[in-house]
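Following: one structure in structure tokens, then a few remarks.
Everything quoted here is computed from the prediction, not taken from an experiment. Numbers here simply count residues along the sequence, with the first being 1.
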Amino acid sequence: MANTPHGGVLKDLFARDAPRSAELAKEAESLPAITLTERHLCDLELILNGGFSPLEGFMTQKDYNGVVEDNRLADGALFSMPITLDVSQKEIDTLGLKEGVRVVLRDLRDDRDLAILTIEDIYQPDKVNEAVKVFGSDDDTHPGIKYLFSTAKQFYVGGKLEAIQRLEHYDFLELRFTPSELRSHFNKLGWQKVVAFQTRNPMHRAHRELTVRAARSQQANVLIHPVVGLTKPGDIDHFTRVRVYKAILNRYPNGMGALALLPLAMRMGGPREALWHAIIRKNHGATHFIVGRDHAGPGKNKNGKDHYGAYDAQILVQKYQEELGIKMVEFQEMIYIPDNDEYMPANEIPEGTKTLNISGTELRNRLKTGKDIPAWFSYPEVVKVLREQNPLPREKGFTVFLTGYQNSGKDAIARALQVTFNQDGGRPVSMLLGETVRHELSQELGFTRKDRDLNVSRIAFVASELTKAGAAVIAAPIAPFEDARQQAREAVEKSGPFFLIHVATPLEYCEKMDRRGVYAKARRGEIKGFTGVDDPYENPVKPDLVVDFEKQNVRSIVHEIILLLESRGLLDRL
């Protein structure tokens, strides 16, 4: 039988409000609307399906204050993480938000009305106090604190919710269980004891050994319950991770394990987050919860030290374990013993025993370089998934971004590069010349700074998508402003490598070699806003390569670029 929900009753608002869904949907059409962010959507889903029981809405000021100061809601119930709906002064004024107003909460992805919130209060939080009490400091190297200070809006709106319809998901539907559905699943399987395992990373052999040991120690079954909402910036995407979890599930003893996905927006809050995770798993029916080393830790602070102690999370969950009603299963880091071909908890290994380990950094390096990942560390089917998602550099797309004055030679270099890449083969090649982009994508744009930056932004978007698809992209706009170039780099690097090439041909030479007379027209005032004449060009601060068409020919410049790419493992030709 599944564990009792936190607070005694599962607050499944979908089930409660289903008979009134049509009535609520009709009312929503006439209500002011707040469009929710991705984080709001994660929170909303877990409020509505009971994952955050006993919550029935976003926290009022009384609940918020109690949670921040003492890990308790206003009625005394244990709860460790503020669940808030933040709004701006502009939204309050525009939408007429105030106590008693009903407002519809809308999905940013498809504009669907999801729930109606009856506002009980609007309050301005002390964000510094929230950061210090909840996360332990005001150090914004912590992603939860950075979000609080840089993204969360000025005011919080509290009140109860009524569910109109479920959020739509289109991936891994067979693994998306609400708390009610998961509880029914456990009952169907006859599981009496369930050990839940929280993860936001791929699982390897050590994780399998840890969870099997935990289950056997409690004579229980295992629920692998990974987060697929928002995790730490830079984490591996959930699509890849879920394929890993599905692969490793077959390595568990028959009938021991189950896999379900949790649409949670993590705060990386260490001890407080571990307590919150335990509450969530209790609501999903688990009787036990694994809390490991540095649970939900965000890494290093501004002083280079961990934000939390390695076992702080275990200490806090242990403190509230009896009241919470879910048993903590504590585990230390699992270490491989090659002489016995087994994993053991770090605190059980005799001094002097030979051990092996592969750090996260080393694993990423092995994936990047194609170096072997041994079977003692991970299973072949897991490695296969990770290699598919982490192709070798020579298999990835990339962008070469040439910037310089009109007639600097960047177009000639771009065309020669295109021919060279096509000759070598192995990738599709796309070229985005400045004039071509202006004609095909940006005809309506002028040459103000705003328009120039927008043009570069469009080039970066196209280059990013092509790079993601594995193409070699050659972009050659003038791109005169440093901020726009940096934003282009940041956009493309989400998809693959980006190389900024400054074609630093002197303006005088560009003008001297101008066969079309455009510089002369600009000098006579016939062309306005011309870069280098009456509009500035900001030299790149940190280009990957600087070339000069006055001193070099096209062939030598192309050769330098090829050498640069080859040095990064992107080409095999040299």
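For the pair K396 (side chain) and G470 (backbone), a donor-acceptor distance under 3.5 Å is absent. S378 contributes no side-chain N or O that, together with a main-chain N or O of H204, makes up a donor-acceptor pair within less than 3.5 Å. Side-chain atoms of N455 do not come within 3.5 Å of backbone N or O of D451 as any donor-acceptor pair. Under a 3.5 Å cut-off, the side chain of K410 and the backbone N or O of A476 do form a donor-acceptor pair. Side chain of S457 to backbone of D453: no donor-acceptor contact under 3.5 angstrom is found. Without hydrogens or angle criteria, Y308 side chain to A296 main chain gives no donor-acceptor distance under 3.5 Å. Remark: side-chain polar atoms of T211 are paired, donor with acceptor, to backbone N or O of H207 under 3.5 angstrom. T199 contributes no side-chain N or O that, together with a main-chain N or O of P226, makes up a donor-acceptor pair within less than 3.5 Å. Under a 3.5 Å cut-off, the side chain of N422 and the backbone N or O of Q418 do form a donor-acceptor pair. Looking at R176, its side chain never comes within 3.5 Å of a backbone N or O of L261 through a donor-acceptor pair.
Sequence neighbours left out, the pairs with a member in residues 532-542 that pass salt bridge (charged side-chain N to carboxylate O under 4.0 Å, His left out) are R449-E538, R452-D535. Annotation: ring pair (Phe, Tyr, Trp, His ring centres under 6.0 Å) contacts involving residues 468-499, sequence neighbours excluded, comprise F401-F498. Under the salt bridge (charged side-chain N to carboxylate O under 4.0 Å, His left out) criterion, the residue pairs touching residues 455-477 are E444-R458, E465-K468, with sequence neighbours excluded.
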From CA spacing to verdict: salt bridge (charged side-chain N to carboxylate O under 4.0 Å, His left out), E362, R366: CA-CA 6 Å; E362 173 64 14; R366 288 176 183 242; 2.8 Å; yes

Residue pair R523, E511: steps toward the salt bridge (charged side-chain N to carboxylate O under 4.0 Å, His left out) verdict: CA-CA 10 Å; R523 295 291 181 192; E511 195 164 353; 2.9 Å; yes

Residue pair V437, M431: steps toward the side-chain contact (heavy atoms from CB on, under 4.5 Å) verdict: CA-CA 10 Å; V437 172; M431 187 159 64; over 6 Å; no

Criterion side chain to side chain donor-acceptor pair (under 3.5 Å) on D544 and H502, from CA distance to verdict: CA-CA 8 Å; D544 296 285; H502 181 200; over 6 Å; no

D139/T141 under side chain to side chain donor-acceptor pair (under 3.5 Å): CA gap, chis, key distance, verdict: CA-CA 6 Å; D139 180 351; T141 60; 2.8 Å; yes

Check against side chain to side chain donor-acceptor pair (under 3.5 Å), H40 and T37: CA-CA 5 Å; H40 293 150; T37 65; 3.1 Å; yes

Derivation and outcome, side chain to side chain donor-acceptor pair (under 3.5 Å), residues E45 and H169: CA-CA 11 Å; E45 182 167 10; H169 294 288; 3.0 Å; yes

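The neighbour count for K127 NZ, taken as heavy atoms of other residues, nucleotides or ligands under 6.0 Å away, is above 12. More than 12 heavy-atom neighbours from other residues, nucleotides or ligands sit within 6.0 angstrom of CD on Q89. More than 12 heavy atoms of other residues, nucleotides or ligands sit less than 6.0 Å from atom CZ of R109.
Distance check: N250 CG to R208 CZ gives 11.5 Å after rounding to the nearest 0.5 Å. Interatomic distance, CG of L500 versus CD of Q486, reported as 9.0 Å (0.5 Å rounding). Atom OG1 in T178 sits 11.5 Å away from atom CG in L48 (nearest 0.5 Å). Distance CZ/F177 to CG/L182: 6.5 Å, rounded to 0.5 Å.
Taking the charged nitrogens against the carboxylate oxygens, E388 and R243 have no contact shorter than 4.0 Å, which rules out a salt bridge. Salt-bridge annotation for E560 and K551: absent, with no side-chain N of the basic residue lying under 4.0 Å from a carboxylate O of the acidic one. Comment: E490 does not engage K494 in a salt bridge, judged by the lack of any side-chain N to carboxylate O separation of less than 4.0 angstrom. Taking a cutoff of 4.0 Å between a charged side-chain nitrogen and a carboxylate oxygen, R267 and D43 qualify as a salt bridge.
Of the residues L41, L36, L44, T35, the one that meets the side chain to side chain contact (heavy atoms under 4.5 Å, CB included) test with D107 is L41. For the pairing with L230, the side chain to side chain contact (heavy atoms under 4.5 Å, CB included) check across M266, E38, M268 returns one residue only, E38.
The side chain to side chain donor-acceptor pair (under 3.5 Å) search around N407 returns none, not counting sequence neighbours. Evaluation of the salt bridge (charged side-chain N to carboxylate O under 4.0 Å, His left out) rule for R485 yields E482 as partners, not counting sequence neighbours. Scanning for side chain to side chain donor-acceptor pair (under 3.5 Å) contacts around E91 gives S88, K153, with sequence neighbours left out. For H307, the ring pair (Phe, Tyr, Trp, His ring centres under 6.0 Å) partners two or more places apart in sequence, or in a different chain, are H142. E130 is linked by a side chain to side chain donor-acceptor pair (under 3.5 Å) to Y64, Y156, counting only residues two or more places apart in sequence or in another chain. Residues passing the salt bridge (charged side-chain N to carboxylate O under 4.0 Å, His left out) test with R568: none are found, sequence neighbours excluded. Judged as a side chain to side chain donor-acceptor pair (under 3.5 Å), and not counting sequence neighbours, the contacts of S464 are S495. D113 pairs by the salt bridge (charged side-chain N to carboxylate O under 4.0 Å, His left out) definition with R106, not counting sequence neighbours. Residues passing the salt bridge (charged side-chain N to carboxylate O under 4.0 Å, His left out) test with D235 are R200, sequence neighbours excluded.
Side-chain contact between L386 and P202: present, with at least one pair of heavy atoms (C-beta onward) separated by less than 4.5 Å.
A perpendicular orientation is assigned to the rings of F172 and H238, their planes being inclined by more than 60° (bins at 30° and 60°). Ring pair Y405/Y537 is tilted by interplanar angle, where 30° to 60° counts as tilted.
A distance below 6.0 Å separates the ring centres of Y519 and F530. Here the two rings, on H295 and H277, have centers that are under 6.0 Å apart.
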